[in-house]
Amino acid sequence: MALSFIKKVFTFGREKPAEEQAPEEALLVEESAAAQEAPVADVSPASEPAEPASPPPVPSGHRPHEGGDRLEVAPPSEQEKPVDEQAEGDFRAELNAQEIEAGEASSAEHPVATEANDEPHAAASEPISPLVRGMSDRTEGGEEAPANAEPSSESTETPAAAPILPKGFSTAASAPAPIPDAPKPRQTWFQRLRAGLARTSSQLTGQIAALFTKRKLDDQTLQDLEDLLIQADLGVETAMRVTDTLASERYGKDVTGEDVSRIMAQEIAKVLKPVAKPLQLDLSHKPHVILIVGVNGTGKTTTIGKLAAKLSGAGLKVMVAAGDTFRAAAIEQLKIWADRTKSEFIGTKLGADAAGLAFDAFQQAKASKSDVLIIDTAGRLQNKAELMAELEKIVRVLGKLDPDAPHTVLQTLDATTGQNALNQVEIFRNVAGVNGLIMTKLDGTARGGILVAISAKHKLPVYFIGVGEGVDDLEPFEAEDFAQAIAGIGQ
Ligand SMILES: Nc1nc2c(ncn2[C@@H]2O[C@H](COP(=O)(O)OP(=O)(O)OP(=O)(O)O)[C@@H](O)[C@H]2O)c(=O)[nH]1
């Protein structure tokens with residue numbers, strides 16, 4: 001399967017659109033080609049000599065996946081990361097500048113889920129402005145002084161002697177230059193995952209070690225252990241698996257914290273292995289439609305950017321649709337991701353019907369022979385019936401153009417959420433037919449145990465995990481790695 005997929009990736013990806021699309025009045029459709037030709041913004045002013053030179057154009061940073069058919073695209077090697085990091089810094093600055101320009105600096109910080117976010121923003125539906133390109137590295141007027149130029153009359157004047165200030169005062173000129181911090185080496189994704197899950201794992205391992213100090217394994221310790229595992233969000237089923245295995249191996253014997261961690265990692269991995277699957281694309285659909293759903297702020301738009309980068313990096317023709325018509329900043333954000341990932345973009349005005357946009361996007365993607373269409377949706381709390389009905393409508397409308405569409409419905413889950421995520425999956429699955437999950441923010445202070453409980457209950461594939469805000473911070477989900485990170489063992 002992996003080979004045939006790779007073949008598909010590179011076969012389909014090289015096709016060009018058959019013809020240019022006629023512009024539609026209501027839609028803002030951008031061919032990515034224009035964006036590809038434009039230089040990448042260099043937002044590092046030359047007046048800051050400490051900054052490194054501008055990065056090369058946005059790095060693709062993608063190569064065919066080495067070990068499987070999970071989108072068939074592997075994350076970039078560690079050597080590529082510093083370049084990505086620099087480019088990412090530029091991108092973030094670009095994003096900020098764009099948002100400030102759009103007069104939405106306050107919403108640029110990206111809100112955490114609130115009910116207020118469910119209402120359309122009052123901002124006017126301005127057409128999307130072009131990206132802020134880099135600042136000039138020249139002074140105003142665009143001229144640089146030639147190297148052998150005569151010094152100006154101003155420069156021949158003797159500089160005024162610096163005043164001698166009383167003790168306890170200083171001027172900016174006399175203050176010692178601050179010593180810049182040495183740049184921190186970028187962590188690997190597994191280190192970030194480990195760090196994100198550190199709270200869960202260290203709490204667990206600490207409690208387990210305390211529980212088993214100088215005690216033989218008996219019914220009481222097993223019960224206490226089960227309680228600890230449930231408190232860590234792992235769910236009753238997995239907690240019992242761990243205690244049953246431990247009991248069968250060591251009942252009545254001395255047990256160390258390491259014994260428990262090892263068995264815990266092993267049992268968690270057993271639960272996760274069946275759901276750690278590659279995201280299969282059926283490229284015969286042209287486009288394979290991926291709908292992204294989830295609660296506000298769980299990382300839908302960012303994840304779309306990351307997915308688009310992987311797919312277009314592999315040579316596929318990708319279109320992204322800004323179906324989050326509630327938030328102007330979300331449309332802007334997706335447009336920037338589209339430019340950056342060389343994807344086609346389709347959007348509409350703020351407050352417009354999201355299902356209508358999804359329908360238009362599907363038609364447009366068919367016409368332009370896109371391989372993959374990824375549709376963003378507005379974040380919604382799962383208890384908002386009206387918004388959930390809108391989501392249902394999006395799915396229905398897509399089904400009119402292809403009864404199998406949307407072919408993949410991905411739900412993003414914020415790893416810092418905890419127990420509520422179980423309920424979110426339940427409801428989004430019923431309403432939108434979620435058939436795959438992506439857990440984001442596993443680099444933060446994550447409570448990753450809930451993914452184990454969700455996997456045990458729903459058995460939905462978990463395709464990727466988000467381990468940062470950068471374009472490359474999306475990793476294929478690996479059961480063993482995740483299990484070890486939760487149990488606090490491994491690399
Ligand atoms: N640390 C970290 N931050 C992330 C990750 N994924 C997304 N984010 C951040 O989470 C915030 C919300 O991400 P969005 O992609 O805007 O979330 P959304 O679900 O589209 O939000 P709504 O449009 O409000 O529903 C942004 O600041 C992202 O940069 C991740 O894996 N790690």
Side-chain angles (χ1 to χ4, degrees), residues 75 88-89 91-96 98-99 104 106-121 123 186-187 189-193 195-197 291-310 320-338 340-341 347 350 354 374-382 384 387-388 390-391 394 410-417 421 424 428 432 437-448 451 462-477 482:
E88 181 59 27
F91 172 59
R92 293 241 142 252
E94 196 178 66
L95 180 63
N96 288 342
Q98 180 77 359
E99 283 166 339
E104 295 197 1
S106 60
S107 61
E109 285 300 313
H110 203 93
V112 177
T114 61
E115 296 207 7
N117 285 353
D118 290 337
E119 299 305 320
H121 287 213
R186 188 174 157 86
Q187 292 181 312
W189 73 268
F190 188 73
Q191 286 169 331
R192 275 176 279 147
L193 174 65
L197 291 175
L291 184 68
I292 307 280
V293 302
V295 163
N296 312 44
T298 49
K300 293 180 293 298
T301 310
T302 309
T303 301
I304 290 174
K306 294 172 180 177
L307 286 171
K310 285 188 186 296
V320 296
D324 180 352
T325 57
F326 278 86
R327 232 170 34 89
I331 301 172
E332 298 279 334
Q333 196 185 340
L334 192 67
K335 170 73 173 65
I336 293 171
W337 276 113
R340 179 169 163 74
T341 61
L350 197 66
I374 313 178
I375 304 173
D376 197 6
T377 59
R380 61 204 74 221
L381 296 176
Q382 69 272 27
K384 290 272 175 184
L387 288 167
M388 292 307 275
E390 187 201 68
L391 194 55
I394 294 174
L410 290 180
Q411 179 170 0
T412 48
L413 296 170
D414 179 335
T416 61
T417 305
Q424 289 174 17
F428 277 89
L437 303 172
I438 292 180
M439 181 159 264
T440 63
K441 308 189 193 179
L442 272 160
D443 55 310
T445 316
R447 300 175 58 183
L451 193 59
V462 181
Y463 295 126
F464 293 96
I465 54 170
V467 287
E469 297 180 83
V471 67
D472 294 314
D473 295 332
L474 189 72
E475 289 293 326
F477 180 65
F482 196 85

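Atoms considered below: every heavy atom in the structure, side chains included; atoms not considered: hydrogens, waters and symmetry mates. Both counts, for ligands and for their atoms, begin at 1 and track the order of listing. Every value quoted in this text rests on a predicted model; they were computed, and no experiment measured them.
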Could you tell me whether a side-chain N or O of T440 sits under 3.5 Å from a main-chain N or O of G466, the two making a donor and an acceptor? no

Flag T440 as yes when one of its N or O atoms lies below 3.5 Å from any N or O atom of ligand 1, and as no otherwise. no

Can K306 be said to touch ligand 1, with heavy atoms closer than 4.0 Å? yes

Between G297, G468, G299, A415, which one has a non-hydrogen atom sitting closest to atom 30 (C) of ligand 1? G468

Identify the two heavy atoms, one from V471 and one from A309, that lie closest to each other, and give their separation to 0.1 Å. CG2-CB, 3.4 Å

Set of side-chain hydrogen bond (donor to acceptor under 3.5 Å, both in side chains) partners for K441, sequence neighbours left out: D414

Would you give the length of the straight line joining atom CZ of F482 to atom CG of L442, rounded to the nearest 0.5 angstrom? 5.0 Å

Which ligand 1 atoms does K441 reach within 4.0 Å, using its non-hydrogen atoms? 2 (C), 3 (N), 4 (C), 5 (C), 8 (N), 10 (O), 30 (C), 31 (O), 32 (N)

Atom indices of ligand 1, in the order listed, that fall short of 4.0 Å to a heavy atom of D324: 23 (O)

In ligand 1, which numbered atoms sit nearer than 4.0 Å to a non-hydrogen atom of T302? 7 (C), 13 (O), 14 (P), 15 (O), 28 (C), 29 (O)

Which atoms of ligand 1 are found less than 4.0 Å from any heavy atom of G379? 25 (O)

Evaluation steps, side chain to side chain contact (heavy atoms under 4.5 Å, CB included), between T377 and I394: CA-CA 9 Å; T377 59; I394 294 174; 4.1 Å; yes

Check: N296 N/O within less than 3.5 Å of ligand 1 N/O: no

Is there a donor-acceptor contact under 3.5 Å from the side chain of K310 to the main chain of L474? yes

Is it the side chain (CB and beyond), the backbone, both or neither of D443 that lies under 4.0 Å from ligand 1, heavy atoms counted? side chain

Exercise: identify the closest heavy-atom pair between G347 and A322: CA-CB, 4.2 Å

For ligand 1, which atoms have a heavy atom of V467 less than 4.0 angstrom away? 31 (O)

Partners passing side-chain contact (heavy atoms from CB on, under 4.5 Å) against A378 (at least two apart in sequence or in another chain): D324, F326, R380

Would you say D473 touches ligand 1, if touching means a heavy atom closer than 4.0 Å? no

Just by modelled atom types, is the I438 backbone N or O under 3.5 Å from a matching donor or acceptor in the T412 side chain? no

Under 4.0 Å to a heavy atom of G466 - the qualifying atoms of ligand 1, by number: 31 (O)

Any N/O of T412 closer than 3.5 Å to an N/O of ligand 1? no

Polar atom proximity, A378 to ligand 1 (N or O, under 3.5 Å): no

Would you mind listing which atoms of ligand 1 come within a distance below 4.0 Å of any non-hydrogen atom of Q333? 15 (O), 16 (O)

Evaluate the criterion side chain to side chain contact (heavy atoms under 4.5 Å, CB included) for residue pair V320 and D376; output intermediate values, then yes/no. CA-CA 8 Å; V320 296; D376 197 6; over 6 Å; no

Mind checking whether T303 has an N or O less than 3.5 Å away from an N or O of ligand 1? no

Under the side chain to side chain contact (heavy atoms under 4.5 Å, CB included) rule, what do T302 and Q333 come out as? Steps first, then yes or no, please. CA-CA 8 Å; T302 309; Q333 196 185 340; 3.8 Å; yes

Would T301 count as a polar contact of ligand 1, with the cut-off being nitrogen or oxygen pairs under 3.5 Å? yes

